[in-house]
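Right, one structure below, let's go through it.
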Amino acid sequence: MDESKKRLVQRLMRKIPTKMLKTTLEKWGRLTGEQQRAMDSIQSKWALTENLLAICEENELAVKHLTELEMIYMIDNPDQGMWYAFQLTDPGDDAQSVDLTQFKEQFKSHLRELVREVSIKIKKHTDEAVWIRIAWGDASSHPDHLKPTYVVHYLQTPYVFVTRLTSKQKPMLSQAMVLSTRYQYFKDANLSGRNLTAIRDLLMRKYQQVFPTKYPSPLTERKQTVTNPHVEREQAKPAANRLQMACEAFGGGTLPQLQSAVYKLETKFRDHTNTLMTEREEPFRCVVKFSSTNLLESLKNCASSGIASTPVTPLLSSIPLKGKNYFVITDNGPGPSSQMRQTQN
């Protein structure tokens, strides 16, 4: 076995947890029953790796077979890195008629016209998502299978999700996508996160959005520490109102699991005590980032519990309503007001 295939197998074995290895190899279907049983009987990760290397050599498996194994694991476990959402715009008249066969042929053809050394593997998942694995090369090097780009696209929709894409590769992917899907433009959707399902559900409105007009009161699920009934009644109404406004801003169902929201400020500095900064013609620039393991649920809880003021500011409620977690805030002309605008790259 050559060194490139050996390194790819070793990388895959480091990535796949031991408890998931059996199921992943069975889905792969490249091992005989005896070879599968031999793998099942080994406990050490190092020994498992050595045994799989020997099996790959015995079965004369090529790189394309090993990338199949990686794709199976990635599709079953997509939360392996930072995913970025993109949107196709201005569809042609025939955009809705593009089927999987046409898309595969066109995408491979267009990308190979742009990049001579490139390896492309396309697989349709059971949820109708088209998964694309791209190993990039250039004029002086073969495709690097250790650093592939993964692309997830739902046919007949304008949404594309990408991980591990460099700025150099982005224009080539953009051109191949618009040509193969019959759209005109490929732009950033200003949405990213480590949970692919979460950003997909947020952008494609697949999660349960329940915005109630009335919320029951009092809140029986809250543990009350005050025993005076008059105080309880006084506290219950504001608590119910806070929860009402939190649900109106973020919805009443389970929210997609985002990890961050970024606000880039490009506004005029206003402070009468600091004339030096206030008189600057250039806008004041800074970046504010909110981070959490589940940001939307955290913001909703802050509003309903009274930690954050209500009604919820549009700066925060715009995350689920607009399906974005990256915003640029600019001045809205003279005066203290400001507006959010979507950036286009």
Side-chain angles (χ1 to χ4, degrees), residues 1-12 15 61-75 78 80-92 94-95 98-125 129-192 196 199 344-345:
M1 177 179 289
D2 63 47
E3 189 63 27
S4 61
K5 286 192 286 185
K6 183 177 180 180
R7 289 175 62 195
L8 184 54
V9 171
Q10 291 171 335
R11 180 177 178 272
L12 282 170
K15 182 184 296 185
L61 298 181
V63 169
K64 66 178 182 179
H65 303 128
L66 299 177
T67 57
E68 287 175 2
L69 177 60
E70 184 187 85
M71 285 195 77
I72 290 168
Y73 175 71
M74 279 293 296
I75 291 172
Q80 300 295 311
M82 184 62 73
W83 288 88
Y84 297 88
F86 294 87
Q87 189 166 355
L88 296 156
T89 60
D90 295 348
D94 56 346
V98 176
D99 60 23
L100 179 61
T101 302
Q102 290 175 312
F103 174 77
K104 289 172 67 174
E105 292 176 353
Q106 290 291 312
F107 183 83
K108 290 181 178 180
S109 173
H110 291 306
L111 192 56
R112 283 169 178 156
E113 287 179 2
L114 299 169
V115 190
R116 179 179 299 179
E117 290 291 337
V118 65
S119 173
I120 308 165
K121 186 176 289 293
I122 300 177
K123 182 179 179 66
K124 190 175 183 181
H125 190 34
V130 178
W131 280 72
I132 309 168
R133 182 188 189 274
I134 307 170
W136 304 87
D138 53 38
S140 59
S141 65
H142 294 299
D144 184 358
H145 286 282
L146 297 178
K147 298 178 180 179
T149 294
Y150 273 91
V151 181
V152 178
H153 173 53
Y154 290 80
L155 290 177
Q156 280 78 55
T157 78
Y159 304 115
V160 184
F161 306 93
V162 185
T163 187
R164 303 171 191 164
L165 182 71
T166 68
S167 57
K168 181 180 178 181
Q169 298 158 355
K170 182 180 174 181
M172 295 177 283
L173 175 64
S174 171
Q175 186 170 338
M177 285 299 303
V178 298
L179 291 173
S180 57
T181 57
R182 312 291 199 274
Y183 281 78
Q184 294 297 316
Y185 301 103
F186 181 81
K187 68 174 187 178
D188 288 339
N190 295 325
L191 178 65
S192 62
L196 173 62
I199 66 170
Q344 295 186 11
N345 294 330

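We count residues from 1, following the sequence as given. Every heavy atom of this structure was used, including side-chain atoms; hydrogens, water molecules and symmetry mates were not.
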| Minimum side-chain heavy-atom gap Glu70-Pro148 below 4.5 Å | yes
| Met82 versus Ser192: any side-chain heavy-atom pair under 4.5 Å? | yes
| field | Side chain to side chain, Leu173 and Leu111, heavy atoms closer than 4.5 Å | value | no
| Does Thr181 reach the main-chain N or O of Met177 with its side chain, forming a donor-acceptor pair under 3.5 Å? | yes
| said: For the residue pair His145 / Arg133, report whether a side-chain donor-acceptor contact shorter than 3.5 Å exists. | reply: yes
| Which residues share a salt bridge (Lys or Arg N to Asp or Glu O under 4.0 Å) with Arg112, sequence neighbours left out | none
| task | For the residue pair Lys6 and Val9, establish whether any side-chain heavy-atom pair is separated by less than 4.5 Å. | result | no
| So do Phe161 and Tyr154 actually touch side chain to side chain, heavy atoms under 4.5 Å? | yes
| remark: Between the OH atom in Tyr150 and the CE atom in Met74, the distance rounded to the nearest 0.5 Å is 5.5 Å
| said: Minimum heavy-atom separation for Leu88 and Thr157, please, with both atom names. | reply: CD1-O, 4.4 Å
| Which atom pair, heavy atoms only, marks the closest approach of Pro143 to Ala135? | CB-O, 3.4 Å
| request: Supply the atom-to-atom distance Lys5 NZ to Gln10 CD, rounded to the nearest 0.5 angstrom. | output: 13.5 Å
| Mind checking whether Phe186 and Phe86 have ring centres under 6.0 Å apart? | yes
| field | Thr149 and Trp136: CA distance, side-chain angles, deciding distance, side-chain hydrogen bond (donor to acceptor under 3.5 Å, both in side chains) verdict | value | CA-CA 8 Å; Thr149 294; Trp136 304 87; 2.9 Å; yes
| Between Gln80 and Arg164, is any pair of side-chain heavy atoms under 4.5 Å apart? | yes
| said: If you take the centroid of each ring, where Trp contributes its six-membered ring, are Phe103 and His153 closer together than 6.0 Å? | reply: yes
| said: Donor-acceptor pair, distance only, cut-off 3.5 Å: does the side chain of Gln184 make one with the backbone of Gly92? | reply: no
| Between the side chains of Gln106 and Ser109, does any donor sit under 3.5 Å from an acceptor? | no
| field | Gap separating the NE2 atom of His110 from the CD atom of Glu113, nearest 0.5 angstrom | value | 6.5 Å
| query | Where the side chain of Gln102 meets the backbone of Asp99, is there a donor-acceptor pair that is under 3.5 Å apart? | reply | yes
| request: For residues Arg182 and Val98, report the shortest heavy-atom separation together with the two atoms involved. | output: CG-CG2, 3.6 Å
| query | Once you round to the nearest 0.5 Å, how far does CD1 of Ile122 lie from CD1 of Ile132? | reply | 5.0 Å
| Are a donor atom and an acceptor atom from the side chains of Ser140 and Asp138 found within less than 3.5 Å of each other? | yes
| field | CG on Leu61 to CG on Leu8, rounded to 0.5 Å | value | 11.5 Å
| message | Could you measure the distance from the CG atom of Leu155 to the NZ atom of Lys104? Nearest 0.5 Å is fine. | response | 11.0 Å
| Which atoms form the tightest heavy-atom contact between Gly81 and Thr163, and what is the distance? | C-OG1, 4.3 Å
| query | Any side-chain heavy atom of Lys64 sitting closer than 4.5 Å to one from Glu68? | reply | no
| Between the side chains of Gln87 and Tyr183, is a donor N or O closer than 3.5 angstrom to an acceptor N or O? | no
| request: Of all the heavy-atom pairs spanning Ile199 and Leu191, show the shortest one and how long it is. | output: O-CD2, 3.5 Å
| task | Look only at the side chain of Asp188 and the backbone of Asn190, and say whether a donor-acceptor pair between them is shorter than 3.5 Å. | result | no
| request: Verify the neighbour count for atom NZ of Lys15: are there more than 12 heavy atoms of other residues, nucleotides or ligands below 6.0 Å? | output: yes
| query | Where is the tightest heavy-atom contact between Val152 and Ala129, given as atom of each residue plus distance? | reply | CG1-CB, 3.8 Å
| task | Count the heavy atoms belonging to other residues, nucleotides or ligands that lie under 6.0 Å from NE2 of His125, then report whether that count exceeds 12. | result | yes
| query | Counting only heavy atoms not in Lys123, do more than 12 fall under 6.0 Å of its NZ? | reply | no
| field | Student check: side-chain heavy atoms of Gln175 and Leu179 closer than 4.5 Å | value | yes
